[in-house]
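Labels below follow one simple rule: chain letters A, B, ... track the order of the sequence lines, proteins then strands, and each chain is numbered from 1.
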Amino acid sequence: MKMVKVIGSVTSTVKDRGLEGFKLLFVQSVDIDLKGRKEYYIAVDTVGLGEDEVALMVTGSTAKRTDITKGRIVDGTLVAKVERIDLK
Amino acid sequence: MKMVKVIGSVTSTVKDRGLEGFKLLFVQSVDIDLKGRKEYYIAVDTVGLGEDEVALMVTGSTAKRTDITKGRIVDGTLVAKVERIDLK
Amino acid sequence: MKMVKVIGSVTSTVKDRGLEGFKLLFVQSVDIDLKGRKEYYIAVDTVGLGEDEVALMVTGSTAKRTDITKGRIVDGTLVAKVERIDLK
Amino acid sequence: MKMVKVIGSVTSTVKDRGLEGFKLLFVQSVDIDLKGRKEYYIAVDTVGLGEDEVALMVTGSTAKRTDITKGRIVDGTLVAKVERIDLK
Amino acid sequence: MKMVKVIGSVTSTVKDRGLEGFKLLFVQSVDIDLKGRKEYYIAVDTVGLGEDEVALMVTGSTAKRTDITKGRIVDGTLVAKVERIDLK
């Protein structure tokens with residue numbers, strides 16, 4: 001999984017029906033110190049995230065295996081809110 | 001999903017039959033400010049995009065899961081037109 | 001497989017049920033000399049790793065093929081502890 | 001799909017039987033101006049390409065979905081010859 | 001496929017049973033002139049490679065499709081020994 005930060009959202013009305021009903025969040029990869037990298041993705045939210053929250057994103061075929069995204073046209077899904085990071 | 005901008009198209013007559021009938025768009029990854037990155041892809045359009053329009057591209061196995069690309073030889077599909085971006 | 005080093009862990013209570021019960025480790029890609037690269041992942045541990053230990057991580061669909069991760073929402077799994085590296 | 005240029009070929013007699021009978025082309029990613037990038041791949045040719053020709057390459061699971069590569073041990077397949085590029 | 005050079009091996013006794021019995025080679029991506037890049041992988045050998053030999057590596061789901069790796073926990077497999085490279 002990749003650790004990302006929610007930085008916004010995108011709106012699309014003209015889209016494949018496999019994307020209908022999803023909130024599409026704009027996320028940015030973050031480093032170990034939570035600083036943003038220049039890597040951006042649009043991902044489906046399955047856990048109710050707000051702006052600036054840190055999340056785990058699954059990609060590839062795994063992204064369409066959650067209860068919410070099963071069989072949908074999704075290749076990036078936010079599956080966990082990161083509440084604490086413990087580094088040695 | 002990746003956010004990309006349509007910058008042109010490619011023509012191919014000698015191709016696998018799994019690609020027949022598709023419009024092949026030339027797209028470029030864009031940053032948060034819609035400036036182009038030096039990453040280019042050829043993708044199948046399923047939503048009717050024009051030049052300079054911004055879209056969401058799915059890749060990998062997801063690209064061949066839309067109604068239009070099912071079972072076809074495609075690993076990059078444009079599935080949504082981005083109409084608005086809201087950043088905090 | 002990628003060679004990574006365990007550098008910490010993350011805690012998440014709000015998450016997809018496909019991730020429940022897993023220890024989520026924070027790992028960093030390492031070079032041939034075991035120096036860290038600026039590439040970080042969150043991965044599920046299946047072999048009982050401790051901090052600073054070096055492991056092999058599988059990604060993509062393979063990550064959800066171990067006995068422990070079968071059918072779960074995982075795209076990065078630690079499947080081996082690296083005990084020795086022999087270079088010519 | 002990625003746009004690549006054919007720059008040569010490789011010969012292998014000791015190989016998995018899933019690769020038998022294929023012509024293995026050495027290809028290089030190209031930019032929008034057809035200049036080569038420092039990214040090289042070995043790909044199976046399904047459309048009869050010659051040196052310096054520009055092609056579309058599919059990767060991942062899609063690469064083993066053409067009539068020729070079905071069920072074979074291939075993760076990069078050339079599926080179209082690019083005859084024309086139209087940029088705005 | 002990626003072209004890689006065998007530079008060593010790794011030993012692991014604590015590992016998922018899906019990796020048991022495999023020789024795990026340490027490989028490095030090579031450029032067109034066979035110079036190493038700073039990209040390293042651990043891959044399963046199916047063709048009997050020695051150090052410094054150049055090979056083709058398949059990744060992703062293809063890596064677990066050879067007779068030897070079928071159903072195993074592998075995402076990088078060496079499937080061909082490169083004996084000759086012809087560049088224009």
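- Side-chain atoms of E/Ser9 and C/Asp86, non-hydrogen and from C-beta on, do get closer than 4.5 Å to each other.
- Proximity to chain E involves both the backbone and the side chain of C/Ile85, based on heavy atoms less than 4.5 angstrom apart.
- Side chain of E/Gln28 to main chain of C/Ile32: no donor-acceptor pair is present (N/O by atom type, distance under 3.5 Å, no hydrogens or angles).
- At a threshold of 4.5 Å between non-hydrogen side-chain atoms, the residues C/Val79 and E/Lys15 do not count as touching.
- C/Arg37 CZ to E/Glu39 CD: the interatomic distance, rounded to the nearest 0.5 Å, is 7.0 Å.
- With C/Val58 as reference, E/Ile73 is the one residue of E/Leu19, E/Val74, E/Ile73 to meet the side chain to side chain contact (heavy atoms under 4.5 Å, CB included) rule.
- C/Met1 places a side-chain heavy atom less than 4.5 Å from the side chain of E/Val44.
- E/Phe26 places a side-chain heavy atom less than 4.5 Å from the side chain of C/Met3.
- Taking 4.5 Å as the limit, some side-chain heavy atom of E/Leu24 sits within range of a side-chain heavy atom of C/Leu56.
- With E/Asp75 contributing its side chain and C/Thr59 its backbone, the two residues share a donor-acceptor pair below 3.5 Å.
- With a 4.5 Å cut-off on side-chain heavy atoms, C/Ser61 and E/Lys64 count as touching.
- Within the 4.5 Å cutoff, the side chain of C/Glu83 has heavy atoms near those of the E/Val14 side chain.
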